[in-house]
Amino acid sequence: MKKLGILLLSLTFVLSLSACALFTGEEAEDIDVNIPDEFPEEDISLTMWHAFGEDNQALLDQMFDEFTDEYPNVEIEQLSQGGYDGLRESTVQGIVSGTMPDIVMGYPDHFVEYLNGNALVPLDEYADHDDFGTDLDDFIPGFLEENQQYADGNMYSLPLFKSTEMVVYNKTVMDYFFEDDDNIEFSLDQPLTWDDIEYMEEQIEWDDEAMDELVENRDAFPDEAGIADHDEPFLINIDSAANFFINSTYQWDGEYTDQDGNILVDNENNRDMLHYFDGLFDDEVVAMPIEWDENYGSTPFSQGLTLMSQGSTAGARHNIPSHEDGAFGTFDMGVVPAIQKHASEDEGTMSAQQQGPNIAIMSETTDEERLAAWKLIEFMTNTENTAFFSMETGYMPVRTSAFQTDEYQDYLALAEEDIDDLEGDERDDYPFALANAAAQAQEDYYRFDPAFVGRITSSSARQQSENLFESIYAGTRDVDEAIAYMLDQLGAN
Amino acid sequence: MLEQERNIAAWFYLAPALILLAIFIFYPIFNSFVLVALEDYNYLQQTYDGFTLTGNFRNVLNDPNFGQAMLNTMLITFVSVPVSVIIALLISVWLNAIPIQKIQGFFQTVFFLPYVTNAIAIGMAFAFMFNRRYGLINWFLGLFGIDPINWINMGASYENAMITLLIYITWLTLAFKIIVFLSGLQGIDKQYYEAARVDSASRARILRRITVPLLSPMIMYITVTSFIGAFKTYTEVIGMFGERLGPPGDPNSMTTIVALVYDALDRSGVPGAMSEAAAAALILFAITLVFTFVNMQVSKKRVHYG
């Protein structure tokens with residue numbers, strides 16, 4: 001027994017010493033960028049980690065095949081890490097254990113964490129290189145700025161596949177109520193305002209005539225199904241409470257956060273905004289997916305439980321009405337840009353949240369691997385490929401030139417067609433074309449929230465933004481309590 | 001010489017277990033002690049700004065969710081453990097009394113199923129059963145004219161959410177207890193029961209005077225391990241409420257101490273987060289140690305070892 005004790009003590013002593021040895025206390029070295037004069041000829045193997053599902057992985061494979069046709073000495077392996085949280089977690093573990101990928105997709109929230117481990121290669125010199133560089137001016141400015149926001153002024157990533165928010169609406173119902181109403185115009189170019197939403201709520205009346213004309217399945221109508229605690233469909237669902245809060249702080253000229261990690265939400269403009277929406281929640285005009293125990297509003301929208309739903313343009317395919325037994329059957333769907341407080345920038349601040357992953361090169365790579373990786377991400381974001389991926393998924397092209405190609409213009413023109421006139425591929429592409437047209441219309445006022453990491457991180461601020469709005473919606477907290485709770489949770493009070 | 005050879009052989013046989021223990025138990029524990037002493041430890045670079053004795057513990061104690069986590073963990077522990085031990089004991093006694101082996105075997109399988117089923121999957125099934133709109137529980141209550149209760153959905157009260165969680169945890173933890181108690185019951189000499197029957201003792205008296213005392217070592221073992229398990233509750237909360245750790249609109253209301261550890265681990269790229277995770281783990285370790293010590297002291301007086 002005594003010997004066993006001694007052995008265990010010895011083992012733990014040795015192990016704890018080895019643990020201490022890991023903590024060097026030395027700062028990691030800065031990344032040196034040495035770009036070879038020529039593209040390497042030796043065999044190069046690249047690993048890319050991302051968070052895509054099977055559909056998008058197949059599209060990536062298509063791109064990789066074309067790239068390796070041009071550079072046959074490069075082999076590319078892609079590996080999905082599940083969702084973005086899993087991707088961030090795996091990458092952090094990879095950095096610590098020295099098993100990081102060569103290329104990683106992600107959001108600036110992730111990249112600022114990786115920079116804590118000096119794990120990303122700055123891309124400015126590659127972009128400016130005479131032989132291997134790329135035209136950064138061709139990238140949509142807002143997308144590029146997001147990748148140039150880091151404290152040391154370097155650009156650590158390129159925009160890859162981007163999206164923003166749009167509103168899908170039940171065209172069948174809205175045409176019935178508003179086709180002859182000059183006050184409301186559903187347009188791909190012009191966003192609706194919250195005033196419009198209030199007006200629409202006043203005008204919609206579910207009398208017998210409307211019921212007879214519109215409701216195909218009365219058993220599925222909210223009142224009779226008892227699915228929602230509500231006697232008629234909500235007017236609009238908001239998918240992302242976090243985006244809704246952050247966007248609204250800009251639209252109301254309140255503040256959210258800054259690059260130094262200050263939480264700036266506690267001000268009168270934001271309180272006014274929150275009180276305004278609290279009123280719309282109470283009046284059962286605006287809903288959130290938690291109303292139906294869902295994560296997204298696509299199913300309730302399809303079932304006829306809400307007439308409109310604001311969500312990501314990249315999620316277009318999920319909103320296609322497919323519930324034949326829903327209240328309105330398989331109704332027609334329309335798309336407009338995300339709702340704004342002001343109809344134009346002359347009247348006040350407009351804001352649309354830009355989303356979608358960026359792509360970066362990780363530091364545990366040789367000079368040759370970095371150059372090959374750079375050429376690959378440049379290839380993935382070139383005019384043809386960014387347009388190709390957009391047309392297949394509903395994500396937006398990241399280059400201005402992609403919008404100008406004939407193929408893309410033809411694709412966008414689908415949005416002007418009546419879906420009943422479309423067949424085959426064109427019919428399949430229709431929802432994505434609508435989403436992209438709505439996204440393009442908001443290009444002038446895209447915004448991104450600053451990424452920072454410290455005691456408070458931008459990702460935790462975003463999480464608390466979601467909690468804040470959902471708690472007001474659920475009635476768990478009033479506006480003042482919700483703001484106080486957010487500051488308390490972030491340790492910012 | 002022979003004894004020395006036997007010792008070497010014994011160490012050789014023990015080596016696999018010792019090596020695994022050293023890697024997966026002792027190393028992480030000591031690593032936690034090291035981590036908790038580092039200030040602003042950067043996990044990604046393996047660097048730190050200095051040493052601190054209490055700084056990381058203070059960060060955990062000042063966490064806005066620490067109080068709620070303590071309250072929830074204590075409630076879960078001190079309600080679910082006694083309740084599940086008593087229910088498991090009664091079910092075991094009932095199972096043991098079933099005279100037909102095949103029926104007994106069937107029920108043993110039924111009661112053991114939760115033990116071999118994923119807790120997250122069961123949590124999701126429970127969340128469905130307790131859904132305010134289409135859940136089985138509200139449907140059943142409706143048969144008696146009781147209005148639907150909002151157990152776990154948006155707007156659910158803390159009390160309702162906690163009751164649901166306690167029911168789920170109690171049910172989930174019954175399986176292992178029943179199996180252990182059954183094996184104990186089957187080891188009790190039948191002569192004691194025959195003697196009691198001759199004396200016309202009631203069933204309740206037999207349970208109190210024969211079954212429980214003779215099963216007390218098993219009860220003690222189950223109680224101690226259940227307390228330790230309950231202090232570590234986390235998966236069950238995730239299974240039922242998801243990563244919000246509470247009903248929609250009321251995040252973190254069902255958080256636990258282990259959830260604080262995972263919350264800190266989730267921020268592993270942030271300087272100091274890994275040390276906070278270690279501090280939270282060590283606080284839990286200390287609490288568990290104290291309660292286990294108390295349990296062991298009580299057991300010395302109450303347990304009959306044959």
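In what follows, chains are A, B, ... by sequence order, proteins preceding strands, each numbered from 1. Just so it is clear, the structure is predicted and the values come from calculations on it, not from any experiment.
Within the 4.5 angstrom heavy-atom criterion, no atom of A/F469 approaches chain B. Within the 4.5 angstrom heavy-atom criterion, only side-chain atoms of B/N59, from C-beta onward, approach chain A. Only the side chain of B/N131 comes within less than 4.5 Å of a heavy atom of chain A; its backbone N, CA, C and O stay farther away.
At a threshold of 4.5 Å between non-hydrogen side-chain atoms, the residues B/Y43 and A/Q93 count as touching. The shortest distance between side-chain heavy atoms of A/V92 and B/R267 does not fall below 4.5 Å. Residues A/Q489 and B/N65 meet the side-chain proximity criterion, which asks for heavy atoms closer than 4.5 Å. At least one side-chain heavy atom of A/E470 sits under 4.5 Å from a side-chain heavy atom of B/R244. Side chains of A/I95 and B/Q45 form no contact here, defined as non-hydrogen atoms less than 4.5 Å apart. Residues B/Q46 and A/V96 have side chains in contact (heavy-atom distance under 4.5 Å, counting atoms from C-beta outward).
For B/N42 (side chain) and A/N116 (main-chain N/O), a donor-acceptor pair under 3.5 Å exists by modelled atom type.
Interface with chain B: from residues 451-460 of chain A, residues A/V453, A/G454, A/R455, A/T457 qualify, criterion being any non-hydrogen pair under 4.5 Å.
More than 12 heavy atoms of other residues, nucleotides or ligands lie within 6.0 Å of CE in B/M74, so this atom counts as buried by the packing criterion. Within a 6.0 Å sphere centred on OH of A/Y84, other residues, nucleotides and ligands contribute more than 12 heavy atoms. The number of heavy atoms from other shown groups lying within 6.0 Å of CG (B/L53) does not exceed 12. Other residues, nucleotides and ligands contribute over 12 non-hydrogen atoms within 6.0 Å of the CZ atom of B/F57.
Across all their heavy atoms, A/T476 and B/G249 have their closest contact at OG1-O, 2.8 Å. When all heavy atoms are compared, the tightest approach of A/E113 to B/G269 is OE1-CA, 3.2 Å. Here the closest heavy-atom approach between residue A/N467 and residue B/P251 is recorded as CG-CG, 3.5 Å. Nearest heavy-atom pair, B/P248 versus A/A474, reported as atom, atom and distance to 0.1 Å: O-CB, 3.9 Å. What you find for B/Y134 and A/D293 is that their closest heavy atoms are OH-OD2, 4.3 Å. Nearest heavy atoms, A/E291 versus B/R133: O-NH2, 2.8 Å.
Most heavy-atom pairs under 4.5 Å with chain B: of the set A/A241, A/A482, A/G475, A/S471, this distinction falls to A/S471.
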